[in-house]
Amino acid sequence: MSYFTIAGVQLQAHHHGDNTAAMRARIETLMSRFPHVQMVVFSELMAHGASTLNAQPMPSATEAMFCELAEKHRLWLIPGSMFEQAGESVYNTLSVINPQGQVVNRFRKMFPFRPYEVGVESGTEFVVFDVPNIGRFGVSICYDMWFPETTRTLAAMGAEVILHPTMTDTIDRDIELSIARTNAAVNQCYFFDINGAGALGNGRSIVVGPSGDVIHQAGIGEEIMPIEIDVSRVRREREAGLRGLGQPLKSFRDRQVDFSLYRSEAGSFPFFDTLGPLVKPARRDIEPY
């Protein structure tokens, strides 16, 4: 069996504060209406908003509540991400919870949205997990997808579906829609890019198939998106090519080129040093007449 139903939840909630009651209510409603759903994915930083002041050590009471919900409904649950307090450091962390209510892994966002996501450290470990009898899933968060190496690494680890909570409330959402489609196509995988609504995102969540086809694109308001996928489609397209044409993963595997950019012993490219520091742009003063 390779059919599997994933519901993305585009929820409107508070930018700073506890949104867990709204998330619980939405899961209860979703499962009452769509009992065939097997996995639920929320957007980035949905549970406690976008302030690092709300960071908690993990495991936490909030994570335990989501574990109870997953077990109750026999769901795989990705409750977006939360700020994690780990000693003196704060990470943007996503929990993967199985239908037995167990946290099977946690992923720390690799590319905080610097210089705007202040005070958040970078994670360094990629995370994939297997859904028995279905396939292998990978996770990333928001700005991670702007770096093609992240999704390519997950694909190289065997991921057939990428789950990607995001919190985009900025004018570059249209670019992200293109990036989501590109990531799906060049890695021949499903890509679930789930955004928030209102204060926690400008919506337009997108679900993309392994040939870069848009399966569904949400509007800007609240929306529940139950999507049935067929993982055998990923395997067939990786074998025979995207629309029977390009086979990018095989071509990448069989490449002759050596990407010296990624060999740390080669040092940095001098061009990068000309770009200046990673800081917010400063206001430019206008010369008086």
Side-chain angles (χ1 to χ4, degrees), residues 7-33 39-70 72-73 75 77-86 89-97 103 106-109 111-121 139-144 163-173 176 192-206 217-225 280:
V9 179
Q10 185 170 286
L11 184 64
Q12 182 167 334
H14 300 294
H15 194 270
H16 301 294
D18 188 347
N19 298 312
T20 55
M23 296 173 72
R24 176 192 288 273
R26 192 50 50 94
I27 290 173
E28 298 287 357
T29 300
L30 186 158
M31 294 311 298
S32 175
R33 188 177 182 189
M39 175 181 282
V40 174
V41 183
F42 284 89
S43 59
E44 179 188 19
L45 299 175
M46 177 54 63
H48 294 296
S51 173
T52 55
L53 297 176
N54 296 325
Q56 302 176 3
M58 290 191 179
S60 66
T62 298
E63 188 182 60
M65 182 273 287
F66 287 126
C67 288
E68 291 173 5
L69 278 172
K72 173 183 177 181
H73 294 287
L75 277 174
L77 179 57
I78 311 294
S81 66
M82 297 173 275
F83 282 127
E84 173 196 4
Q85 189 74 51
S89 299
V90 173
Y91 296 93
N92 188 338
T93 301
L94 172 157
S95 302
V96 178
I97 304 171
V103 177
R106 297 186 184 95
F107 170 73
R108 291 170 168 171
K109 185 177 182 179
F111 289 92
F113 188 43
R114 294 176 179 144
Y116 298 93
E117 194 171 346
V118 179
V120 181
E121 298 296 323
V139 292
S140 61
I141 300 173
C142 200
Y143 200 39
D144 288 338
L163 308 170
H164 184 78
T166 192
M167 190 200 78
T168 299
D169 60 355
T170 48
I171 61 173
D172 55 351
R173 182 61 183 158
E176 292 190 331
F192 281 71
D193 177 26
I194 306 302
N195 197 15
L200 284 177
N202 51 24
R204 292 194 286 170
S205 298
I206 189 169
Q217 183 178 321
I220 63 173
E222 293 195 345
E223 192 166 336
I224 295 174
M225 299 157 276
K280 292 182 182 181

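Heavy atoms only: backbone and side chains are in, while hydrogens, waters and symmetry mates are out. Model, not experiment: these values are computed from the prediction.
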Would a distance-only check, ignoring hydrogens and angles, find a side-chain to backbone donor-acceptor pair under 3.5 Å from [X] to [Y]?
X	Y	value
R173	N202	no
N19	H14	yes
S32	E28	no
Q10	E223	no
D169	G198	no
D144	F111	yes
N195	T168	yes

CZ/R114: more than 12 non-hydrogen atoms of other groups inside 6.0 Å: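 Counting neighbours around CZ of R114, more than 12 heavy atoms of other residues, nucleotides or ligands fall under 6.0 Å, so yes.
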L30 atom CG, neighbour heavy-atom count above 12 within 6.0 Å: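 Enclosed.
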What closest approach, in Å, do [X] and [Y] show between heavy atoms, and which atom pair accounts for it?
X	Y	value
E84	A55	C-CB, 4.2 Å
L94	G80	CG-O, 3.5 Å
S95	P79	O-CD, 3.4 Å
A13	A199	O-CB, 3.8 Å
G17	N54	N-ND2, 4.0 Å
P115	V118	O-CG2, 3.4 Å

Evaluation steps, side-chain contact (heavy atoms from CB on, under 4.5 Å), between K72 and M31: CA-CA 11 Å; K72 173 183 177 181; M31 294 311 298; over 6 Å; no
Atom pair [atom1] ([X]) and [atom2] ([Y]), whose distance is rounded to the nearest 0.5 Å:
X	Y	atom1	atom2	answer
D193	Q217	CG	CD	10.0 Å
T93	Q85	OG1	CD	10.5 Å
E176	C142	CD	SG	5.5 Å
S51	F83	OG	CZ	7.5 Å
S60	M65	OG	CE	9.0 Å

V96 and F107: CA distance, side-chain angles, deciding distance, side-chain contact (heavy atoms from CB on, under 4.5 Å) verdict: CA-CA 8 Å; V96 178; F107 170 73; over 6 Å; no
Ion pair E63/R106, N-O distance below 4.0 Å: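 A salt bridge links E63 with R106.
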Stepwise side-chain contact (heavy atoms from CB on, under 4.5 Å) test for F192 and M225: CA-CA 10 Å; F192 281 71; M225 299 157 276; over 6 Å; no
Pairing residues for F113 by the ring-ring contact (aromatic ring centres under 6.0 Å, His included) criterion, not counting sequence neighbours: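 ring-ring contact (aromatic ring centres under 6.0 Å, His included) list for F113, sorted by chain: Y116, Y143.
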Result block: side-chain N/O donor-acceptor pairs under 3.5 angstrom for residues 39-50, not counting sequence neighbours:
residue: E44; atom: OE1; partner: M167; partner atom: N; Å: 2.9
residue: E44; atom: OE2; partner: N92; partner atom: ND2; Å: 2.7
residue: E44; atom: OE2; partner: K109; partner atom: NZ; Å: 2.9
residue: H48; atom: NE2; partner: Q56; partner atom: NE2; Å: 3.4
residue: H48; atom: NE2; partner: T62; partner atom: OG1; Å: 2.8

Set of residues satisfying side-chain hydrogen bond (donor to acceptor under 3.5 Å, both in side chains) with respect to R24, sequence neighbours excluded: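 So R24 forms no side-chain hydrogen bond (donor to acceptor under 3.5 Å, both in side chains) with any residue.
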Validation row: H15, L200 side chains within 4.5 angstrom (heavy atoms):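 Yes, their side chains come closer than 4.5 Å.
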Min side-chain heavy-atom separation I78-I194 under 4.5 Å: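 Not in contact.
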